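Beneath this line is the structure, given in structure tokens, with notes to follow.
Note: hydrogens, waters and symmetry copies are ignored here, and every other heavy atom, side chains too, is used. Here is the naming used below: chain letters follow the sequence lines, and residue numbers restart at 1 for every chain. Remember, predicted model here, so these are calculated numbers, not experimental data.
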Amino acid sequence: MAMLSVNNLQVHYGMIQAIKDVSFDVNEGEVIALIGANGAGKTTILHTISGLLQPTRGNVMFEGKDITKIPAHKIVSLGMAHVPEGRRVFAQLSVLENLKLGAYTRKDKTEMEETLKMIYQRFPRLEERKNQVAGTLSGGEQQMLAMGRALMSHPKIILMDEPSMGLSPIFVEEVFKIIRDISAEGTTVLLVEQNAKKALTIADRAYVLETGNIILQGDAKKLMNDESVKKAYLGE
Amino acid sequence: MSSFFSYLINGISLGSIYAIIALGYTMVYGIAKMLNFAHGDVIMVGSYMAFLAMGSLGLPPVVAVLLAVVVCTILGITIEKIAYKPLRKAPSLAVLITAIGVSYFLQNTALLVFGANTKMFTSVIKLPPVILGDGGVNISGETQVAIVVCIIIMIVLTTFIKKTKAGQAMLAVSEDKGAAELMGVNVNGTISLTFAIGSALAAIAGVLLCSAYPTLSPYTGSMPGIKAFVAAVFGGIGSIPGAFIGGILLGIIENMSKAYISSQLSDAIVFTVLIIVLLVKPTGILGKKINEKV
Ligand SMILES: Nc1ncnc2c1ncn2[C@@H]1O[C@H](COP(=O)(O)OP(=O)(O)O)[C@@H](O)[C@H]1O
Ligand SMILES: [Mg+2]
């Protein structure tokens with residue numbers, strides 16, 4: 001059984017249908033890439049999975065449980081974290097305060113302190129700047145913070161929405177390296193990217209989204225060699 | 001000189017009451033992004049509760065104040081649930097009009113229940129005045145208590161927001177509701193809590209106000225409510241230290257104008273100063289630019 005499955009999802013913004021009929025699965029331990037052009041509906045899908053949006057039809061199952069109607073703030077403690085598009089760190093709060101908010105639903109303080117230590121090991125820059133206000137970090141550092149903040153909830157699955165967007169090449173490399181590390185440590189990853197090449201390199205499987213429908217799916221390596229994918233998304 | 005000092009202290013005291021009310025405006029604005037124009041009328045309800053508790057029930061002042069706080073807290077949460085929550089996604093103008101409607105509703109209900117005639121409020125404060133400078137400066141118990149209470153509230157509130165999880169959740173919600181929700185913060189619950197705190201403070205402000213200026217009618221909350229709103233804008237709406245500074249300055253300006261210029265013109269002067277401040281710094285003294293993220 002898949003860890004996360006999205007079944008016949010339809011999502012509307014008022015009269016506009018952003019997601020027409022989308023189904024896909026994420027198995028435990030996988031890195032799944034969801035690629036597609038701007039406006040294809042990638043963010044809408046992630047928001048619907050994590051409960052910020054309600055679908056008009058279809059459902060989202062997580063570890064065998066229907067989470068479609070569960071409000072976003074209760075989904076976190078089921079083991080799902082979401083690194084939103086545009087990072088959305090709390091700009092007026094310090095780095096440490098942001099990280100602590102990531103662990104908002106956790107009760108055990110000593111466990112939380114341990115996670116914090118691990119996150120500081122992975123992102124030494126965050127420890128150096130723990131008392132700095134998040135709004136004054138660079139884009140790349142904010143992305144690290146957004147990822148660290150999501151990891152603070154100790155998730156089983158992490159959804160990431162365009163983590164490399166707008167970053168310098170060095171940070172892009174770093175972001176993808178971190179995603180690999182997170183995956184290697186056993187966390188399942190659902191990655192939304194416009195940087196299809198990089199996403200397909202680290203993904204196990206991928207889905208290609210076009211105007212609210214999945215038009216292609218399969219093994220990431222195979223998709224990378226697919227002529228239509230090469231043309232439309234890899235710029236070859 | 002000693003009369004100047006008296007006016008100053010009394011201005012700070014009046015300003016302390018404005019500041020306590022302004023905190024409710026500014027917190028609700030910061031977190032729910034709405035102007036709760038019924039806030040002033042919650043003050044009036046709190047004052048009536050304290051008045052009835054002491055007068056009709058003969059309860060001691062401390063108990064009367066507690067009762068007023070409890071009633072106003074429940075009232076604030078209820079108003080939010082019934083009137084504002086269904087409009088969470090509505091245009092801000094609809095919310096504003098609803099808030100004005102709630103304000104009239106509270107005033108008219110008070111008119112119906114308590115009648116139109118002005119009641120004489122018995123001060124809850126039994127502290128003796130402090131007399132300085134050979135009797136030239138007389139600081140009443142009410143004046144002293146308002147200042148001390150305001151300072152205590154500021155310290156407790158700032159610590160609460162900085163040090164507790166619920167306080168941090170408030171800051172998160174005020175910056176980005178969606179991101180806060182993704183952290184596991186119950187946004188609706190946090191908004192409720194904000195209304196609860198603001199309304200509890202309104203009850204305290206009401207009792208302090210009526211103790212210093214002992215008349216009570218269904219319209220008692222209206223003018224202080226507007227002044228406190230001005231104070232909140234003055235200091236930078238959404239900012240807690242801003243509400244404090246705005247309130248104190250407003251109280252001082254109002255009292256000084258009354259003393260040295262004209263008591264009829266004092267309100268006009270207050271608003272003129274506000275306009276000048278907003279022309280120079282549109283976000284208020286401590287206001288930050290609010291980036292409206294979608
Ligand atoms: N808040 C919104 N209101 C109305 N339409 C929206 C809203 N957000 C997104 N859309 C529309 O839904 C479609 C999918 O958007 P989105 O999920 O953001 O795409 P992506 O993340 O793939 O770039 C687009 O056509 C977009 O214009
Ligand atoms: Mg997007």
Side-chain angles (χ1 to χ4, degrees), chain A residues 13-14 43 46-54 70-94 96-107 109 112 133-135 142 145-155 158-161, chain B residues 26-27 29-33 81 85-86 88-91 158-194 236-243 283-284 286-294:
Chain A
Y13 292 104
T43 299
L46 290 197
H47 279 185
T48 312
I49 293 172
S50 58
L52 289 179
L53 284 173
Q54 276 296 312
I70 299 181
H73 68 266
K74 290 193 178 145
I75 289 181
V76 192
S77 43
L78 299 178
M80 185 187 292
H82 184 158
V83 184
E85 182 177 77
R87 331 188 212 293
R88 289 167 76 170
V89 296
F90 301 109
Q92 290 172 33
L93 300 184
S94 73
L96 181 58
E97 286 168 335
N98 269 275
L99 290 172
K100 282 189 172 162
L101 274 162
Y104 187 79
T105 54
R106 294 180 72 177
K107 302 267 174 324
K109 227 176 156 174
M112 198 202 82
V133 172
Q142 287 191 11
L145 178 56
M147 290 170 129
R149 188 179 66 174
L151 290 170
M152 283 297 288
S153 69
H154 197 56
I158 185 161
L159 321 180
M160 295 199 211
D161 199 342
Chain B
T26 226
M27 287 175 71
Y29 180 84
I31 284 148
K33 300 287 178 278
K81 274 239 146 54
K85 194 176 168 198
R88 208 48 67 70
K89 293 198 171 79
T158 312
T159 314
F160 170 77
I161 287 175
K162 195 78 195 155
K163 299 284 179 209
T164 68
K165 256 175 119 165
Q168 292 285 299
M170 281 180 151
L171 291 179
V173 171
S174 83
E175 267 202 53
D176 186 334
K177 288 195 182 60
E181 189 86 20
L182 289 180
M183 301 300 110
V185 173
N186 181 346
V187 169
N188 283 329
T190 305
I191 292 176
S192 255
L193 175 66
T194 310
I237 190 134
S239 155
I240 286 174
T283 51
L286 293 184
K288 293 191 196 90
K289 218 177 93 224
I290 296 156
N291 32 341
E292 298 277 354
K293 268 186 289 186
V294 186

request  = Any pair with a residue in residues 159-173 of chain B that passes salt bridge (charged side-chain N to carboxylate O under 4.0 Å, His left out), sequence neighbours left out, goes on the list, sorted by first then second residue, please.
outcome  =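 Checked against salt bridge (charged side-chain N to carboxylate O under 4.0 Å, His left out) - neighbours excluded - the pairs reaching residues 159-173 of chain B are E97(A)-K162(B).
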query = Quick check: does any side chain N or O of E181(B) sit under 3.5 Å from a backbone N or O of L52(A), one acting as donor and the other as acceptor?
reply = no
message = For the backbone of L101(A) and the side chain of Q168(B), can you confirm whether one donor and one acceptor N or O come within less than 3.5 Å of each other?
response = no
request  = Tell me, please, which residues at least two apart from H47(A) pass ring pair (Phe, Tyr, Trp, His ring centres under 6.0 Å).
outcome  =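 With sequence neighbours excluded, H47(A) shows a ring pair (Phe, Tyr, Trp, His ring centres under 6.0 Å) to H82(A), given in chain and number order.
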ask   = Near K177(B) NZ, under 6.0 Å, is it more than 12 heavy atoms from other residues, nucleotides or ligands?
value =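 It does: K177(B) NZ has more than 12 such atoms within range.
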task = Give, as side chain, backbone, both or neither, the part of A103(A) having an atom under 4.5 angstrom from any heavy atom of chain B.
result =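 Only the backbone of A103(A) comes within 4.5 Å of chain B.
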key: Which atoms of R87(A) approach chain B - backbone, side chain, both or neither, heavy atom under 4.5 Å   = neither
ask   = How long is the gap from CZ on F90(A) to CD on E175(B), to the nearest 0.5 Å?
value = 7.0 Å
key: Nearest-0.5 Å distance, CG of residue N186(B) to OG1 of residue T105(A)   = 12.5 Å
message = Can you give me the closest heavy-atom contact between V76(A) and L182(B), atom names plus distance?
response = CG2-O, 3.2 Å
